[in-house]
2 protein chains.
Amino acid sequence: MEPNTAYHALLKNLGLKVTPKRLALLSVLEEEHRYLSPEEVWKKLRRSFKSLGLPTVYRNMEELECHGVISKVLHSNRKLYYYFCPKTGHHHHFVCMECRIVEDLSVCAVREMEKEIKRQVNGTVTSHILQVNGLCGNCAEKL
Amino acid sequence: MEPNTAYHALLKNLGLKVTPKRLALLSVLEEEHRYLSPEEVWKKLRRSFKSLGLPTVYRNMEELECHGVISKVLHSNRKLYYYFCPKTGHHHHFVCMECRIVEDLSVCAVREMEKEIKRQVNGTVTSHILQVNGLCGNCAEKL
DNA sequence: TCATAAATAGAAATGATTTCTATTTATACC
DNA sequence: GGTATAAATAGAAATCATTTCTATTTATGA
């Protein structure tokens with residue numbers, strides 16, 4: 001059977017048990033080329049599973065995120081959203097705040113990106129978030 | 001009197017009333033060269049104001065943020081943090097996840113930034129958030 | 001088939017943020 | 001300076017996404 005085999009291997013490789021719910025979750029995320037909240041995923045999955053806890057969805061999505069399988073989308077409403085991106089390698093995303101669609105970007109510098117995005121998605125850039133996280137010299141020493 | 005005059009003008013220009021609490025809030029944020037949560041600001045302000053509601057702090061910080069006076073800092077714990085940056089013009093920040101200090105960055109492309117940051121703050125970049133927000137062609141048309 | 005650790009359901013707790021209403025205050029105008 | 005008015009605030013209460021907890025179920029490897 002189709003992609004389930006791939007998901008199966010994926011979970012195995014991560015050392016996670018292959019449960020029907022995990023497979024379905026991956027399937028839902030991959031089919032949707034948009035970012036979704038845990039609750040939205042939960043609602044979709046409940047069609048197939050009469051008993052499915054929202055915490056299970058939260059737990060699994062977080063798990064997959066920290067293994068790099070799916071990526072978090074930041075949103076100004078501070079809710080969690082996740083996106084399954086099939087593209088590998090370092091790249092960034094253009095995300096539509098309206099329809100939630102996600103587009104892969106090939107360049108990384110924001111100035112250049114704006115032009116690229118206009119061409120690529122024929123869209124409008126309303127804002128961008130560029131924040132570099134790390135440890136300053138002092139803290140890096142202490143830890 | 002010192003900087004209060006500047007804050008006074010700042011608030012006036014934004015069409016906001018000049019209240020003692022707003023002035024104090026700005027003062028607290030400017031003195032602290034780190035990003036702070038509303039609750040932290042509240043605790044500091046309560047030293048000077050016996051009666052001060054946490055919602056007031058939230059409201060004012062949000063107000064100042066949307067007027068561009070202070071800037072939001074994204075954090076993986078999804079809490080709100082704000083930083084008063086005296087530097088004008090387009091630039092980004094390096095924020096230490098440990099001590100919360102903020103450094104202005106002069107370049108915008110992440111690859112170059114990593115080198116720059118190493119020089120500038122003698123620190124370690126653990127991750128960066130680069131997300132471009134906007135409206136895709138379809139949604140832009142509809143709205 | 002079985003033992004075991006991992007995964008899950010479902011209820012309950014958490015806690016940051018927001019909402020609400022009555023009261024207070026800054027401001028503009030006299 | 002005195003006053004009307006809209007903005008700002010306090011304090012309590014509500015919200016609600018997310019997390020925690022415990023007992024039960026399930027995938028897995030032997």
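Basis for what follows: all heavy atoms, side chains included, without hydrogens, waters or symmetry-related copies. Chain A is the first sequence line, chain B the second, and so forth, proteins listed ahead of strands; every chain is numbered from 1. Predicted model, so just to flag it, every value in this text is computed and none were measured.
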CD of E63(A): more than 12 outside heavy atoms within 6.0 angstrom? yes
Round to the nearest Å and state the distance from L45(B) atom CG to dA10(D) atom P. 10 Å
Comparing S37(B) and F49(A) on DNA chain C - which has the more 5′ nearest nucleotide: F49(A)
K17(A) near the nucleic acid: base, sugar-phosphate alone, or nothing, with a heavy-atom cut-off under 4.0 Å? base
For the pair made of CG in L64(B) and P in dA8(D), what is the distance, rounded to whole Å? 11 Å
Any side-chain to backbone donor/acceptor pair from W42(A) onto S37(A)? Under 3.5 Å, distance only. no
The answer to which of E63(B) and E39(A) contacts DNA chain D further toward the 5' end, by nearest nucleotide, is E63(B)
For the pair made of CG in L54(B) and P in dA10(D), what is the distance, rounded to whole Å? 10 Å
Just the rounded figure in Å: distance from C1' of dG11(D) to OH of Y58(B). 16 Å
Starting at CG of L36(A) and ending at P of dA17(D), how long is that distance when rounded to a whole Å? 15 Å
Taken to the nearest whole Å, CE/M61(B) to P/dT9(D) is 14 Å
More than 12 heavy atoms of other residues, nucleotides or ligands under 6.0 Å from CD of E32(A): yes or no? yes
From CG of L11(A) across to P of dA6(C) the rounded distance in Å is 16 Å
When you check the phosphate oxygens OP1 and OP2 of dA27(D), does a side-chain N or O of T19(A) lie under 4.0 Å from one of them? no
Between atom CH2 in W42(A) and atom P in dA17(D), what is the gap in whole Å? 11 Å
Residue L16(A), side-chain heavy atoms: nucleotide from dG11(D), dA7(C), dA8(D) that is nearest: dA7(C)
Of all the choices, dA7(C), dT28(D), dA9(C), which nucleotide is nearest to the side chain of V18(A) once you look at every atom? dT28(D)
Taking for each residue the nucleotide of DNA chain C bearing the nearest heavy atom, is the 5' side occupied by R59(B) or by K12(B)? R59(B)
For Y81(A) and E40(A), what are the C-alpha separation, side-chain angles and deciding distance, and is it a side chain to side chain donor-acceptor pair (under 3.5 Å)? CA-CA 9 Å; Y81(A) 293 99; E40(A) 287 167 330; 6.0 Å; no
Which listed nucleotide (dA7(C), dT9(D), dA12(D)) is nearest to the side chain of R22(A)? dA7(C)
Counting only heavy atoms from other residues, nucleotides and ligands, does the tally under 6.0 Å from NZ of K43(B) exceed 12? no
Any donor-acceptor pair under 3.5 Å between the side chain of K21(B) and the base of dA8(D)? no
From C-beta outward on L80(A), which listed nucleotide comes closest to its side chain: dT8(C), dT18(D), dA11(C)? dT18(D)
